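The block underneath contains the structure these notes are about, expressed in structure tokens.
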Amino acid sequence: MANETSEIKEKSLNFLEEIIEESIAKGETRVQTRFPPEPNGYLHIGHAKSICINFGLAKKYGGKCNLRFDDTNPVKEDVEYVDSIKRDIKWLGFDWAIERYASDYFDQLYDWAVVLINKGLAYVDDQTQEQIREGRGTVSVAGTMSPFRNRSIEENLDLFTRMKNGEFADGARVLRAKIDMAHPNMLFRDPIMYRILHTEHHRTGNKWCIYPMYDYAHGESDSIEKITHSICTLEFDVHRPLYDWFIEALEIFPSHQYEFARLNITYTMMSKRKLLKLVQEKAVMGWDDPRMPTICALRRKGYTPASVRAFAEMVGVAKRDNIIDLGKLEYCVREDLNRIAERRMAVLNPLKVVITNYDEHKTECFSAINNPGDEAAGSRQVPFSQVIYIERDDFMEEPSKKYFRLSPGNEVRLRYAYLIKCEEVVKDADGTITELHCTYDPLSGNGSSSDGRRVKGVIHWVSVKDALPAEIRLFNPLFTKENPDDVEEGQTWEDNLNPESLISITGYLEPSLKGATVGQTFQFERVGYFCPDTDSTPEQPVFNRTVTLKDSWAKMNK
RNA sequence: UGAGCUAUGGUGUAAUGGCAACACUACAGAUUCUGGUUCUGUCAUUCUAGGUUCGAGUCCUGGUAGCUCAACCA
């Protein structure tokens with residue numbers, strides 16, 4: 001029997017879950033969602049949120065989620081994008097019930113347009129693009145009616161057929177819904193349903209030279225698929241009345257649209273158009289450049305699907321505008337990687353240390369734990385010799401008060417190996433430190449020391465003669481401003497690009513990292529999480545920094 | 001300026017008329033062969049002015065602020 005203390009407090013519902021539960025309470029027996037990307041670019045973290053919502057809701061309520069490509073504008077779309085989108089959704093861990101394209105419905109959509117013409121609810125307009133724009137009015141001034149608005153049904157039918165048959169040039173005519181040129185909602189001022197585009201479509205080829213607009217195609221596509229909950233972002237809320245208008249006018253299955261606030265992240269650009277520009281202008285290596293917010297970039301950078309899903313869960317779903325701290329995304333990867341990533345040692349900014357009382361011909365191996373949180377991960381052997389690299393940050397000639405790493409006369413623990421003491425600092429003519437001479441305590445190899453003394457500092461190291469040199473790519477935010485669109489007078493968002501977003505250096509890795517392959521992920525102890533890049537080869541290894549470790553020492557010294 | 005949407009800590013999300021909760025961040029401390037992890041603690045009179053009510057973050061009215069809409073894009 002459940003008693004009060006064993007009761008688990010139920011997690012509260014988000015507003016979409018509430019809507020669904022209400023509809024179920026009212027007798028709805030089905031939950032059918034859809035994820036409807038336009039194949040005109042790569043999916044980004046904002047789409048990941050939408051994917052998690054749509055597939056997550058379907059899963060939670062025993063329903064299904066379709067994948068539907070919204071491919072109504074052939075001039076911007078391409079199969080390259082279709083393939084990447086499918087791959088990214090699968091990588092995130094979701095699978096769709098059915099795969100469809102808005103273009104699958106072009107015939108049906110055309111027939112329905114004819115229905116609307118016959119009902120006197122649509123007409124062919126011969127005005128130019130300019131004239132149509134002027135006729136629409138403004139937010140505070142009513143529009144004016146097109147001189148072609150009152151054509152007969154027969155003439156409209158004839159003209160629309162001829163539009164379809166390719167008799168007219170691009171832009172010569174459009175099909176418009178006949179609604180209300182004075183409507184306060186601009187979208188109701190006789191919205192365009194079809195435009196002429198003599199462009200080859202990536203799926204329908206040259207079959208069509210007229211293509212439906214989003215507002216006409218989307219709700220009808222939802223209706224055809226009997227979508228119960230059509231979920232989209234907030235900027236589409238003004239489209240909802242029109243979405244409903246077409247469905248009611250056509251008397252077809254009533255899908256309903258619900259809107260949530262899109263994801264924004266500090267220091268991150270989410271606009272597909274602008275991301276495309278970065279790719280085209282080669283400001284980044286490509287859509288999967290690890291500095292991009294795209295899903296393929298996150299994958300390449302070393303993010304796990306679970307961490308992206310956890311992030312989507314963490315940011316929640318609501319209708320108010322938001323800007324999420326980039327730190328939250330980093331928290332999510334660290335949390336996942338801390339659990340699963342094997343530890344290794346690597347020195348990114350080397351300082352040579354000679355251990356003067358250690359046999360110069362000797363190499364011995366120390367056992368190092370692969371993952372302190374996972375005993376099953378086991379351990380590995382790490383070679384040690386007389387000359388090693390340590391991080392330059394781990395030595396300070398004149399240490400500040402709370403510094404407990406290496407300094408002249410001071411002793412530190414080499415992780416998994418000996419205690420060493422700095423005896424001499426060697427400098428070049430410029431005064432730059434070139435190497436350190438240290439002595440070691442031969443009895444300290446097992447974690448103890450010769451006389452029971454304990455040291456606070458533990459630093460990582462790599463044996464110079466065994467080290468594996470590798471290119472290390474350090475990534476920083478792509479933009480210098482929290483909001484990349486926050487621009488000074490006379491500047492553009494591109495002026496906010498961070499010149500230090502990519503720093504490439506040579507690091508020295510422990511030899512066990514040889515042969516690491518794409519998909520593996522490691523923690524370089526005390527430094528961060530790293531993974532082999534897709535550019536990596538056995539001869540020239542390349543590692544990406546996924547995210548740094550939390551560093552409270554660095555923060556203290558800011 | 002017409003219409004629509006939204007206002008709760010630094011950030012995000014809860015609280016469904018009854019003690020403002022959870023997570024991230026920040027700060028303080030404990031543990032630690034990673035200045036990591038883990039653990040403990042600290043951080044709000046809910047945009048504003050009125051009203052309804054025994055009782056309002058929640059309901060009502062006015063104001064203010066932010067976002068969205070005037071592509072033959074989605």
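Please read all numbers here as calculations on a predicted model, not as lab measurements. To find a chain, count down the sequence lines: A is the first, B the second, and so on, and within it residues start at 1.
Minimum atom distance to the side chain of A:R195 is reached by B:rC72, of the listed B:rC72, B:rU68, B:rC5. With B:rA74, B:rC69, B:rU11 as the choices, the nucleotide that has an atom nearest any side-chain atom of A:F236 turns out to be B:rA74.
A tilted orientation is assigned to the rings of A:W208 and A:Y110, their planes being inclined by 30° to 60°. Using bins of under 30°, 30° to 60° and over 60° for the plane-to-plane angle, the ring pair A:Y211/A:H201 lands in the parallel bin. Aromatic ring orientation, A:F543 versus A:F524: tilted (interplanar angle from 30° to 60°). Ring geometry for A:F246 against A:Y216 counts as perpendicular: the plane angle is over 60°, on a 0 to 90° scale with 30° as the lower cut.
Residue A:S12 has no polar side-chain atom (N or O) positioned under 4.0 Å from OP1 or OP2 of B:rA21. Under 4.0 angstrom from either OP1 or OP2 of B:rC69 there lies no side-chain N or O belonging to A:R189.
Note on A:E134: nothing from the nucleic acid sits closer than 4.0 angstrom, heavy atoms only. Nucleic acid contact for A:Q129: base, since at least one base atom lies under 4.0 Å from a heavy atom of the residue. At the heavy-atom level, A:T128 lies under 4.0 Å from base atoms of the strands shown. A:T266 comes within 4.0 angstrom of no nucleic acid atom, judged by non-hydrogen atoms across all strands. Residue A:G373 is out of contact with every strand shown, counting any heavy-atom pair closer than 4.0 Å. Heavy atoms of A:H183 sit nowhere under 4.0 angstrom from any nucleic acid atom.
B:rA20 takes the anti form, because its glycosidic angle lies more than 90° either side of 0.
A:R149 pairs with exactly one of A:T144, A:D190, A:D125 by the side-chain hydrogen bond (donor to acceptor under 3.5 Å, both in side chains) rule, that one being A:D190. Of the candidates A:R526, A:E510, A:R343, A:H460 forms a side-chain hydrogen bond (donor to acceptor under 3.5 Å, both in side chains) with just one, namely A:R526.
A:Y243 and A:D222 share a side-chain donor-acceptor pair at under 3.5 Å. There is no side-chain donor-acceptor pair under 3.5 Å between A:T128 and A:E130. If you check the side chains of A:Q523 and A:E525, you find no donor sitting under 3.5 Å from an acceptor. Side-chain contact check for A:E77 and A:Y101: no donor-acceptor pair (N or O, by modelled atom type) lies under 3.5 Å.
In terms of position on RNA chain B, the residue among A:D325 and A:E130 whose nearest nucleotide sits closer to the 5' end is A:D325.
Taking a 4.0 Å limit (strictly below) on heavy-atom distances, residues 313-324 of chain A reaches RNA chain B at A:M314, A:V315, A:V317, A:A318, A:K319, A:R320, A:D321, A:N322, A:I323, A:I324.
Using P as the reference atom, B:rU6 and B:rC47 are 15 Å apart when rounded to the nearest Å.
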**Message:** I need a per-nucleotide contact map over nucleotides 27-40 of chain B, read 5' to 3'. Cutoff is protein heavy atoms under 4.0 Å; write B for the base, S for backbone only, - otherwise.
**Reply:** S----BBBBBS---
**Item:** For RNA chain B, the dot-bracket pattern of Watson-Crick and G-U pairs whose distances stay under 3.5 Å, | for other-strand partners
**Value:** .((((((..((((....[..)))).(((((.......)))))....(((((..]....))))))))))).....
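Here the side chain of A:T268 pairs a donor or acceptor atom with the backbone of A:T266 at under 3.5 angstrom. Checking side-chain atoms of A:T233 against main-chain N and O of A:R262 turns up no donor-acceptor pair under 3.5 Å.
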